[in-house]
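All chains are named by letter (A, B, ...) in the order of the sequence lines, taking the proteins before the strands, and each is independently numbered beginning at 1.
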Amino acid sequence: MVIELTAEQRAFRESCGKLAAVLAAQWNRGRGPHDIAPPVPDKASWSRVVDTGWLAIGLREENGGAGAGVVDLTVLAEQLGHHTVAAPVLGIILAAEQLQAWGAPSGLLQDIAEGGIRLAPALDANLRGLACAAVGALAWDAAGAEAAVIPASGVAHSLGDPLPFADPTRAVRPLGAPSAGIPAFAPTAPDGDAAARLDAFALSLLTADLLGTMQAALDAAIEHARTRAQFGAPIGSFQAVQQLLADSHVLVEAGRSASYYSAWAVDALPGREALRAARVAKAFVSRSAVEVCESAIQVFGGIGMTWEAPAHIWLRRAHAGRLVLGDEHHHQSFIADDDFSRS
Amino acid sequence: MDFADDPAEAEFRAGLRAWLRDHLAEHRDGTGYESAAAVERTLRWHRALAAAGYAGLSLPAAYGGRGLPDAYEAILNEELAAAGAPPSPPIGHIAHAVADFAGEELKARVLPGLLDCTEVWCQGFSEPGAGSDLAGLSTTATFDDGRFVVNGQKIWTSGAMWSGWCLLLARTEPDRPRHRGLSMLVVDMRSPGVDRREIVLASGSREFAEVFFDGVTVPAANLIGERGQGWQIAMHMLSYERGPADMGWVGRLGRVLATACDDVRSGRVAADAGLRRRLAEATVEVQVMQWHVARSLANRTTDTTGSAGSVDKLLATRVEQNLYRVVSDLAGPSFVLGAPGPFSDYLWSRAQSIYGGTQQIQRQIVAQRVLGLPLA
Ligand SMILES: Cc1cc2nc3c(=O)[nH]c(=O)nc-3n(C[C@H](O)[C@H](O)[C@H](O)COP(=O)(O)OP(=O)(O)OC[C@H]3O[C@@H](n4cnc5c(N)ncnc54)[C@H](O)[C@@H]3O)c2cc1C
């Protein structure tokens with residue numbers, strides 16, 4: 001049993017954090033919803049993302065990737081969540097992994113890895129799962145994407161304008177007609193194990209993104225509690241505030257353990273077990289992320305309710321990430337079926 | 001990152017499973033503290049586990065432990081839960097206080113009996129006037145003529161009625177600042193001047209007592225560490241008491257959950273959609289707690305804050321109290337009507353946020369020592 005990141009993974013976390021901070025700094029949420037920037041990075045930052053290899057690290061080498069493990073990918077995802085990065089990195093990674101699992105041609109995957117084509121994953125209209133058909137499907141984290149592919153059909157679909165979405169750091173766009181630019185391919189359905197693993201992969205990345213967001217909200221709330229003074233003392237010296245933050249810390253640490261297990265399981269356990277672990281982790285972290293972000297707003301007080309403060313962005317990302325690929329209720333219903341339904 | 005067993009861990013797990021398969025039936029009546037007979041069964045279970053080499057896993061082999069990494073405690077807890085076995089003996093905290101601070105002679109004298117569970121120990125910290133504010137305790141141990149003389153009263157002492165030894169926190173240096181005036185002594189409970197009076201828990205469980213010390217003589221050789229070091233040792237011990245694996249909680253909760261799921265699956269207990277939802281939520285929480293405990297045990301040696309135990313305790317408290325709320329509701333009217341078992345179990349879950357330092361105190365430890373928030 002070795003339950004921590006390796007030295008290389010810690011170094012990778014640091015480098016991811018640096019670029020994530022750069023990306024975060026160049027996105028402008030403006031003075032209100034009326035002048036918010038779309039979650040599309042400028043050309044220069046995007047080419048840094050591509051050059052760093054973020055889009056390719058998870059793909060197999062023959063598809064232009066670096067063959068990194070899921071734990072490494074969640075290290076990246078956590079940093080994206082921590083800095084609430086408004087650039088569609090996770091969306092592209094998910095779309096590429098999905099295409100790889102469905103046997104998309106290596107040329108297409110290499111194009112994605114090199115930043116030549118930007119694709120987004122397609123979700124069901126209720127956001128709960130990866131879509132099997134284009135009708136009603138929604139592309140998620142789709143800012144600047146050219147298309148979303150429905151892997152079961154091998155057909156890429158053009159995308160409509162972004163829909164109103166509570167999380168301004170990620171665009172949701174409806175699927176339209178088949179896209180002319182990206183040729184269709186003949187998909188091979190992954191077997192049961194690979195299909196479960198693909199779902200576990202997607203859930204694990206989203207869980208890590210949520211973990212990063214809740215950690216960021218907690219860190220900022222702690223910092224605020226140390227510096228903001230009332231009644232002649234830092235608010236962080238008041239027991240009521242301390243207790244709220246301590247409970248948040250417990251949720252973050254437990255969530256981290258869950259995220260680690262879920263990421264490890266994707267590469268180490270049979271698909272079925274990995275999917276169960278990923279459901280448990282996603283359920284726990286979905287609920288916790290919202291709770292921690294709500295507590296952070298409480299600690300910020302009035303400023304936490306303003307557009308200007310970042311607190312609502314964390315809460316927005318937490319809620320959206322919670323619903324995307326299924327919230328706690330969704331996953332708990334599967335767990336109930338597995339564990340205690342009458343056969 | 002590897003949550004799986006390495007070869008040595010796998011071998012240990014397989015051996016433990018085989019042992020449980022062969023011996024668990026002898027302990028089918030379970031353990032408990034509600035009567036003298038239950039205590040007898042509990043001790044018999046602890047001794048059987050210890051004799052087979054499954055107690056004191058992370059304690060030095062020279063004194064009867066196994067000298068294994070802390071992660072083995074997680075394996076023990078997982079396997080006991082999976083087999084539906086009673087929890088492991090709650091001795092890790094006391095054993096670490098002795099093993100990590102006592103001199104060679106004292107360790108050699110007392111640890112083997114503690115670790116093979118032939119000698120039962122209790123922890124004499126709390127007093128009527130000193131609960132959360134432990135450093136304010138007033139039991140004195142006055143050094144006189146090469147020995148300590150103890151006077152005072154302890155309360156809420158678990159297991160005191162049948163313990164042979166007490167790990168006693170007492171004031172030896174009344175003129176020093178209060179945290180520095182305490183020392184940790186090993187007291188023979190059979191000494192003249194020790195008087196125990198049973199206190200029955202709200203659940204009816206008979207594991208509590210108040211203990212009076214009236215001129216009790218304790219040899220100087222029974223001092224753990226140095227005079228004035230008692231607070232430091234107590235905090236070290238409490239960090240183990242708060243780590244759920246050392247106390248066997250993880251295993252116990254896993255077992256309670258498995259029973260509840262079984263009851264619902266088999267139809268013995270009817271669960272509507274709302275209850276199923278809550279049971280699934282409890283399943284998620286127990287699973288996450290098990291992963292978390294494995295992670296904190298795997299990293300315990302490298303952890304330097306010493307306050308991680310408080311994080312684990314807060315998590316375990318939340319998980320346990322939620323779980324028992326669900327289990328109680330699954331019981332329906334038999335939660336309050338008929339045999340008192342379900343209600344007693346629920347009551348016991350409420351103690352989780354009190355003993356070993358209350359939930360409020362744990363949160364303050366986390367806020368101030370882990371998160372670095374300022375003192376009031
Ligand atoms: C089942 C059980 C087993 C136990 N076993 C042992 C044992 O073996 N040995 C032993 O020595 N002790 C034992 N105890 C005692 C236990 O450690 C104490 O009960 C505990 O530390 C609380 O002390 P108290 O009961 O005096 O409560 P108090 O300290 O009076 O606390 C009462 C309430 O006030 C709150 N409070 C107190 N101070 C503060 C503060 N500064 N800030 C915020 N809130 C505060 C507490 O959180 C609590 O809610 C056991 C207790 C139980 C329930």
- Query: B/M289 versus B/E320: any side-chain heavy-atom pair under 4.5 Å?
  - Reply: no
Counting heavy-atom pairs under 4.5 Å to chain B, which of [options] comes out on top?
options	value
A/A254, A/A336, A/P234	A/A254
A/L269, A/L251, A/D267	A/L251
A/D219, A/V2, A/D338	A/V2
A/R287, A/R256, A/Q9	A/R287

Measure [X] against the heavy atoms of chain B and call it side chain, backbone, both or neither at under 4.5 Å.
X	answer
A/L244	neither
A/H331	neither
A/A277	both
A/A233	neither
A/R279	neither
A/Q239	side chain
A/A268	neither
A/V71	side chain

Using a 4.5 angstrom heavy-atom cutoff, name the option from [options] with the most pairs to chain A.
options	value
B/I75, B/V288, B/D263	B/V288
B/V311, B/V366, B/L371	B/L371
B/Q287, B/Q368, B/E281	B/E281
B/D6, B/D5, B/L279	B/L279
B/R277, B/R276, B/Q359, B/Q360	B/R276

- Task: Measure the CG-OG distance between A/L203 and A/S286 for me, rounded to the nearest 0.5 Å.
- Result: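 Separation between the atoms: 8.5 Å.
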Checking [Y] against [X]: is there a side-chain donor and acceptor pair closer than 3.5 Å?
X	Y	answer
A/R317	A/T84	no
B/S349	B/R325	no
A/S259	A/T207	no
A/D339	B/T283	no

For [X] and [Y], take the angle between the two ring planes, folded into 0 to 90°, and tell me which bin it lands in: parallel under 30, tilted 30 to 60, perpendicular over 60.
X	Y	result
B/W291	A/Y261	parallel
B/Y72	B/F12	perpendicular
B/Y54	B/W19	tilted
A/F334	A/H330	perpendicular

What part of [X] gets closer than 4.5 Å to chain A, counting heavy atoms only: side chain, backbone, both or neither?
X	value
B/Q362	neither
B/L315	both
B/A294	both

- If every non-hydrogen atom of A/W314 is compared with every non-hydrogen atom of A/F300, which pair is closest and at what distance? CZ3-CE1, 4.3 Å
- Query: Does the distance from a Lys or Arg side-chain N to an Asp or Glu carboxylate O, for A/E223 and A/R226, drop under 4.0 Å?
  - Reply: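 The answer is yes: the pair qualifies as a salt bridge.
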